[in-house]
S.K.: 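The structure that follows is given in the form of structure tokens.
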Amino acid sequence: MTARLAELDAAASEHEERLDSARVDLAEAEAKRSALPDPSAGRDKRDAARDRNEAARAAMQGAAAALAAHDQALAVARERTAGQRSDMAGWQA
């Protein structure tokens, strides 16, 4: 009976050591978790970056449309200039 009580005491002290080790591990994990950045702040930054990207994309599409319109206007001006030069050549001949 005394031997069994000694075994139980040894097991209880071993269990207490494991429990203390688990508490230390838990405290370390909680400290690491608290050092991590706030997830909601990260999501807010991601959403803000996504909004800036969409705005930049819309601005780029607007600029591309303006460039296409400008190119079209240049082509029309070149055609008119060529027609006027042809008329001037006909008058001078």
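None of these values were measured; they are calculated from a predicted model. In what follows, residues are counted from 1 in the order of the sequence shown.
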S.K.: For Arg46, give me all partners under side chain to side chain contact (heavy atoms under 4.5 Å, CB included), at least two apart in sequence or on another chain.
M.R.: Arg43, Arg50
S.K.: Show the atom names and distances, to 0.1 Å, of all donor-acceptor pairs under 3.5 Å that link a side chain in residues 10-20 to residues at least two apart or in another chain.
M.R.:
| residue | atom | partner | partner atom | Å |
| --- | --- | --- | --- | --- |
| Ser13 | OG | Asp9 | O | 3.4 |
| Ser13 | OG | Ala10 | O | 2.9 |
| Glu14 | OE2 | Arg18 | NH2 | 2.9 |
| Asp20 | OD1 | Arg23 | NH1 | 3.3 |

S.K.: In chain order, what residues pass the side chain to side chain contact (heavy atoms under 4.5 Å, CB included) check against Asp51, with sequence neighbours excluded?
M.R.: none
S.K.: What distance do Arg4 atom CZ and Glu7 atom CD have between them, rounded to the nearest 0.5 Å?
M.R.: 5.5 Å
S.K.: Within the side chain of Thr81, is there an N or O that forms a donor-acceptor pair under 3.5 Å with the backbone of Ala77?
M.R.: yes
S.K.: Which pairs with one or both residues in residues 77-87 pass salt bridge (charged side-chain N to carboxylate O under 4.0 Å, His left out), sequence neighbours excluded?
M.R.: none
S.K.: State which residues pass side-chain hydrogen bond (donor to acceptor under 3.5 Å, both in side chains) with Glu30; sequence neighbours excluded, sorted by chain then number.
M.R.: none
S.K.: Which residue pairs pass the side chain to side chain donor-acceptor pair (under 3.5 Å) test with at least one member in residues 58-71, sequence neighbours excluded?
M.R.: none
